[in-house]
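Worksheet for the structure shown next.
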Number of protein chains: 4
Amino acid sequence: MGSGYGRRVDSPSDARSRILDAAEELFAGGGYDATPTARIAAVAGVPKGLVFHYFPRKIDVLVSLVDERTLVTEEDPEPAPGDAARALSKLARRLPLTASPSMRRILFREADTHRSVKDRIHGLNSEIIRRARFALELALPGGRGDAARLEAAAATFAAVLLYQESIAHLTGHTIDADVVADLMATALAQFG
Amino acid sequence: MGSGYGRRVDSPSDARSRILDAAEELFAGGGYDATPTARIAAVAGVPKGLVFHYFPRKIDVLVSLVDERTLVTEEDPEPAPGDAARALSKLARRLPLTASPSMRRILFREADTHRSVKDRIHGLNSEIIRRARFALELALPGGRGDAARLEAAAATFAAVLLYQESIAHLTGHTIDADVVADLMATALAQFG
Amino acid sequence: MGSGYGRRVDSPSDARSRILDAAEELFAGGGYDATPTARIAAVAGVPKGLVFHYFPRKIDVLVSLVDERTLVTEEDPEPAPGDAARALSKLARRLPLTASPSMRRILFREADTHRSVKDRIHGLNSEIIRRARFALELALPGGRGDAARLEAAAATFAAVLLYQESIAHLTGHTIDADVVADLMATALAQFG
Amino acid sequence: MGSGYGRRVDSPSDARSRILDAAEELFAGGGYDATPTARIAAVAGVPKGLVFHYFPRKIDVLVSLVDERTLVTEEDPEPAPGDAARALSKLARRLPLTASPSMRRILFREADTHRSVKDRIHGLNSEIIRRARFALELALPGGRGDAARLEAAAATFAAVLLYQESIAHLTGHTIDADVVADLMATALAQFG
DNA sequence: TATGAATGAGTTTTCATTCAT
DNA sequence: GATGAATGAAAACTCATTCAT
């Protein structure tokens, strides 16, 4: 559970983190609507009232989670390496989205629940597509190429990256992003 | 909305269908949890109690929807045409899943709400991957080929088909399945 | 199940009997309030509507049950035999109440539910006490005796007879009415 | 009404007690099934939701009532006095059951509603029979005696003690336990 | 800050009863 | 008579949110 990235030291307002940890786990598991705030408090091991002390409305828990525990890095990746497949693979590993698997499932699943979540998903996706397109362009000899193909390849790759966990969760099949990167690069290299 | 495919004639006891129509629309829109049964009744134009008459528990509405309004066709497609890209494209259009766009969103989004939904998603996905693999094998010269690549291509294509609407809904980007089919076939044809 | 006394021939309105049989079983088991009419119909193997065809209100099922399946015989028992203990024993076996064990539990348990049930219980009890008193008077030498003792003995014996099944059901202890009869007669014979 | 024995001081959070008081009164009057939780809240003078706050399910009110407001005292009575009749009489007054008349009616009437109630009735009855047997053994000259008679006498006496109020309520006849005690002791003294 | 009792609007569920066929 | 769909009032239960302490 938790954001998965490092244990927080037991500090005064450590309770707040524990509440977010609990919410992350529960929202990813059963969904936002199906998770009572009392349950969050119980899992977090804090009294019910404290949840509302930190998060006046329930939706604030979700919004805070999304705001604080997902990060779309804005800075461009360093100039791509040699080939497109490698660039895509690198992108896969350096996803410009800092978010635990649980957080990705939440982003994905609760998109309609609150505008703030939906906005963030749009942002993420746009950013990933933009970078995938950038990386893939390297694969196109001469830089020209079929715009539609490039777009589809980029969007597909972005979807694989974004929804990897959800796909695995929902279908039981894991998709190896590196292999997909390789396929996309190979395919695009044929045209152009 | 509605079952999407064909209007039912106004027959005695089409109330049940109207309830399912309304539920399909509302579940796809706001989600299962956020939809009160009273709302379903109102949209269906039937009294509240009638929903219970047909579906003793709220979850039964969802389960019935999934059971009755999605169908994973079992029969194999006719022997594939000439090339893999065309075979995949055909698969895209003849998705072995009979379900309206709303139903796909529901399948996808409410997967954790009830086991029955999850089971069906598993079934769907397995079937689509199986067929995608079958179609893509055609693209591999000599029939040999890289199993991992084949698998990744098939799974990616299946994901695109299954989550097309959700991806569009969540990100605003439409993915053209035909183009993806073409890309996959092209990429695989390079190996083998 | 059923009144226990003889199987009814399959006749035109045999359904009515089956409904009463089912109600008897269910009311004795879970109580009147906790038994839905739909359940009665299901156990009786008749459509729900038929219950209301025969018994316009639910309470009519209970009232009919009580009216038709309990009978306080009005005629006095033949002039008592030799001694009081035997007279009481005989009373025990010829209880002036014709009712299956289930019906006795119902009478007992639903007494507050409807006046008709309460009235019948009063009637039953009065009659049994009257006869017990009559039988016990035989035990009193000279016919005189302590009125309070006689009354307590008669009421206790009546309670044992009436609530035998309920006591057994609720406590797991069976009371042998014959032995109690003997005890009462013996005790009273000491006074007088 | 209330638990009947002693008024609780108006202390913080006596709302829970008031809810139990109200439930005790209403369950004894109309029965568990016929008493809506809203009615309990109204009689207790608390908002509807508070009933749930303390008792997540309606049945918990009944179970708590039984668990908290009936007590089968475990300690043995002091060595019985001179004669059996007096020992039984004493038992009658020092019933090893601490429960208001309402609680006894509830125990008795709702026995089938929940296992916890039935279990308690069993416990009570066993204890009372055990003590009645103990007291009655004093009446048997030489300590020998007829086991069946002893058992019947004890069980009958226990039933009179336990169901006193219900019998009075259902039949209108009050049974004087002291007189029954005297009868039982007298009868047993004849044998042995 | 911290706490859990208190509140009440909203939801699900139950079910007796009606009624067209 | 027989049937099961239809109805709606009432009940149980949920839970976000408030608030006194």
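In what follows, chains are A, B, ... by sequence order, proteins preceding strands, each numbered from 1.
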Rounded to the Å, how far apart are [X] [atom1] and [N] [atom2]?
{"X": "D:Ile59", "N": "F:dA11", "atom1": "CD1", "atom2": "P", "value": "17 Å"}
{"X": "B:Asp14", "N": "F:dG4", "atom1": "CG", "atom2": "P", "value": "19 Å"}
{"X": "C:Phe55", "N": "E:dC15", "atom1": "CZ", "atom2": "P", "value": "20 Å"}
{"X": "A:Ile40", "N": "F:dA16", "atom1": "CD1", "atom2": "C1'", "value": "11 Å"}
{"X": "B:Leu50", "N": "E:dA20", "atom1": "CG", "atom2": "C1'", "value": "15 Å"}
{"X": "D:Arg39", "N": "F:dA12", "atom1": "CZ", "atom2": "C1'", "value": "17 Å"}
{"X": "D:Leu26", "N": "F:dA11", "atom1": "CG", "atom2": "C1'", "value": "15 Å"}

Taking F:dA6, F:dA2, F:dA16 as options, the one with an atom nearest any side-chain atom of B:Ala15 is F:dA6
Taking the six-membered ring of A:Tyr32, is the NZ or CZ of A:Lys58 close enough (under 6.0 Å from the centre) and on axis enough (within 45°)?
-> yes
Within less than 4.0 Å of OP1 or OP2 of [N], is there a side-chain N or O belonging to [X]?
{"X": "C:Thr37", "N": "E:dA16", "result": "yes"}
{"X": "A:Tyr54", "N": "E:dT1", "result": "no"}
{"X": "D:Arg57", "N": "F:dA12", "result": "no"}
{"X": "A:His53", "N": "E:dT1", "result": "no"}
{"X": "C:Lys48", "N": "F:dG4", "result": "no"}
{"X": "A:Arg16", "N": "E:dA2", "result": "no"}

So does D:Gly30 get a backbone contact from the side chain of D:Arg109, meaning a donor-acceptor N/O pair under 3.5 Å? yes
(Q) Is it the case that the side chain of A:Arg120 and the backbone of A:Thr70 share a donor-acceptor pair, with hydrogens and angles ignored and the cut-off at 3.5 Å? (A) yes
Of C:Asp33 and B:Pro36, the one whose closest nucleotide on DNA chain E sits nearer the 5' end is B:Pro36
- Query: Are A:Arg16 and A:Glu68 within salt-bridge range, i.e. N to O under 4.0 Å?
  - Reply: yes
Of D:Phe52 and A:Lys58, the one whose nearest nucleotide on DNA chain F sits closer to the 5' end is D:Phe52
Between C:Val46 and A:Thr35, whichever has its closest DNA chain F nucleotide further toward 5' is C:Val46
query = Is there a side-chain contact (heavy atoms from CB on, under 4.5 Å) between C:Asp21 and C:Glu25 once you walk through the steps?
reply = CA-CA 6 Å; C:Asp21 288 347; C:Glu25 175 188 348; over 6 Å; no
Pairing partner of F:dT14, by Watson-Crick or G-U wobble and under 3.5 Å for both distances, is E:dA9
Mate of E:dT21 across any strand shown (Watson-Crick or G-U wobble, both atom pairs under 3.5 Å) is F:dA2
